[in-house]
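All values below come from the heavy atoms of this structure, side chains included, with hydrogens, waters and symmetry mates left out. Just so it is clear, the model here is predicted, and its values are computed rather than measured. As the structure lists them, so they are numbered: ligands from 1, and atoms in each ligand from 1.
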Amino acid sequence: KLDQKGSDHCLKMNDRFGFYLTKVAGIDNAHNLHAVHIKDILSTSMGNLQASAQFNYMFDIPWLIQQYPVEFRSKPLLIVHGMQRETKAEYDMAAMNYSNVKLCQAKMEIMYGTHHTKMMLLLYDNGMRVVITTANNIHQDWYQKTQGVWISPLFPKLDKGEASAGDSDTHFKKDLLEYLSAYKLNGLKEWQEHIKQHNMSSAKVFILGSVPGRHLGEKKTAFGHLKLRKILQEHGPSVSEVKGWPVVGQFSSIGSMGPNKDNWLCAEWRESLSTAKGLGGLRTADAPLKLIFPTKDNIRLSLEGYPAGASVPYSIHTAKKQQFLHEYFHQWRAEVQGRSRAMPHIKTYLRMSPDSKKIAWFAVTSSNLSKAAWGALEKKQSQLMIRSYEIGVLFLPQMFGAEKFFEVQDKECQNSGEFPVPYDLPPTPYTKQDRPWLWDIPYKDLPDTHGNMWCPS
Ligand SMILES: O=C(O)c1ccc(Nc2c(-c3ccccc3O)nc3cnccn23)cc1C(=O)O
């Protein structure tokens, strides 16, 4: 259905970026025209599936199997997760019911890391696709939340002796292979081989991956925020063009980032996201930073009510150590996509013009605002320490035939070059009364959409 040149011209243009939001139940269906459900991604119209691999954090295995068309439910399925102890045992047990399902446990050798990466590798009889998303493989992540999905073009199989390595201008194939080989898992070897055998020259996005480790030398810029810095240094907008343009970060969880902004957020991390091409040394005035994170009332009045907050795990213990963050916070507002009440589990980052009509680049990723995901420099900045597995994609205008920047799509139906930013720009600051959502404290003053209070145990 996604490749059908439908009557509605909007649908046609939507293929342009391959970037979609997930369908939301309970809103006007006009806002779901260009949205996808997991069943659409796995449908027979996308290709005749031979095998698939599902990378994720949370799995409901019986539910996941049900999302495949019945004729594909017995095809080989590899599940890649990072769970240990009881949860690993639960997954092993659940998988026993399906002879076609194999499990692969990612090594979590650094404390507090998670296997956050949410990716599907789909092998068809005539090619393969890569899908990168922010949604867990559980029902509620695909029901009433704002989630992002990037669906690759169909990558054709390479002929046996075909000379071209089948890569794109964005080194998509090389970077995806580098990411997978970093797992050092025999169970992934067959999928690394499948990728090698396909022509991915039509991929226009850059891979933004994170892999646990202390990355130094050549590997220092292979992952995390230094990979983004490297791409922007080489292919980003020029310093003069984006001087003073705000950096916008939007996410559903926040890690501990030290007692003040200069520890990591407004130094190392913002340094990377505000990188521009050219005179490396020239320090542009610090880019304004706008962080979009749901308020307590955004959650309370959402379609799901307070339970939406179970997927927005910001702890009071972390929050009270970093009140400085508050000045950067903006509300979740997505009237443009009819999703102001569909709480964000999507994570996106962008560079916005002061009049918020243009963006210099856009990234959608599993990475929240945390050192664990993006990495933190150590040992006199000689190595980048990352705790978690993450993956996302970066869109640069010139890779999509746009002049200098993307025009921001400011209404439902998108014209050719406009980029469908999933929320309203400019972002709306917190009011004096607004508080960030914290998931581990009770809220007994006001009921949510369903008339309930929030009493975490
Ligand atoms: O994407 C997201 O925003 C997201 C954020 C955090 C997250 N981690 C997480 C963890 C955890 C376990 C071990 C080490 C670190 C941890 O943070 N424990 C819980 C419990 N409930 C929900 C999330 N939890 C998972 C996701 C995700 O949905 O993948």
**Q.** Closest candidate by heavy atom, reference atom 22 (C) of ligand 1, pool S311, A310, G82
**A.** A310
Q.
Looking at non-hydrogen atoms alone, which of F251, Y112, Y314, Y57 comes nearest to atom 12 (C) of ligand 1?
A.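 The residue whose heavy atom sits nearest atom 12 (C) of ligand 1 is Y57.
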Q. With atoms numbered from 1 as shown, which atoms in ligand 1 lie under 4.0 angstrom from a non-hydrogen atom of K347?
A.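 Result: 1 (O), 2 (C), 3 (O).
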Q. Quick one: which ligand 1 atoms are inside 4.0 Å of a heavy atom on N368?
A.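 Listed by number with element: 1 (O), 2 (C), 3 (O), 4 (C), 5 (C).
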(Q) Testing T146, N32, T22 one by one against R339 for a side-chain hydrogen bond (donor to acceptor under 3.5 Å, both in side chains), which residue passes? (A)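 Passing option: N32.
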Can you confirm whether or not the ring centre of [X] sits under 6.0 Å from the ring centre of [Y]?
X	Y	answer
H330	Y430	no
F419	F395	yes
Y183	Y389	yes

Could you identify the single nearest non-hydrogen protein atom to [atom] and state the distance to 0.1 Å?
atom	answer
atom 3 (O) of ligand 1	S252 OG, 2.9 Å
atom 5 (C) of ligand 1	H116 NE2, 3.5 Å
atom 6 (C) of ligand 1	P313 CG, 3.6 Å
atom 14 (C) of ligand 1	T114 CG2, 3.4 Å
atom 20 (C) of ligand 1	W439 CH2, 3.7 Å
atom 29 (O) of ligand 1	K118 NZ, 2.6 Å

(Q) Are more than 12 heavy atoms, taken from residues, nucleotides or ligands other than Y112, located less than 6.0 Å from that residue's OH atom? (A)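 Atom OH in Y112 is not packed in, count stays at 12 or less.
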Q | ligand 1-proximal atoms of N136, by part, heavy-atom distance under 4.0 Å | A |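 Just the side chain.
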(Q) Below 3.5 Å, N or O to N or O, backbone or side chain included: is there any such pair between S253 and ligand 1? (A)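 Not met; the criterion fails.
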Q) Is S366 in polar range of ligand 1, meaning some N or O pair under 3.5 Å apart? A)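 No; every N/O pair is 3.5 Å or more apart.
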Q. With D440, which residues qualify under side chain to side chain donor-acceptor pair (under 3.5 Å), at least two apart?
A.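 Once residues adjacent in sequence are excluded, the partners of D440 under the side chain to side chain donor-acceptor pair (under 3.5 Å) criterion are S315.
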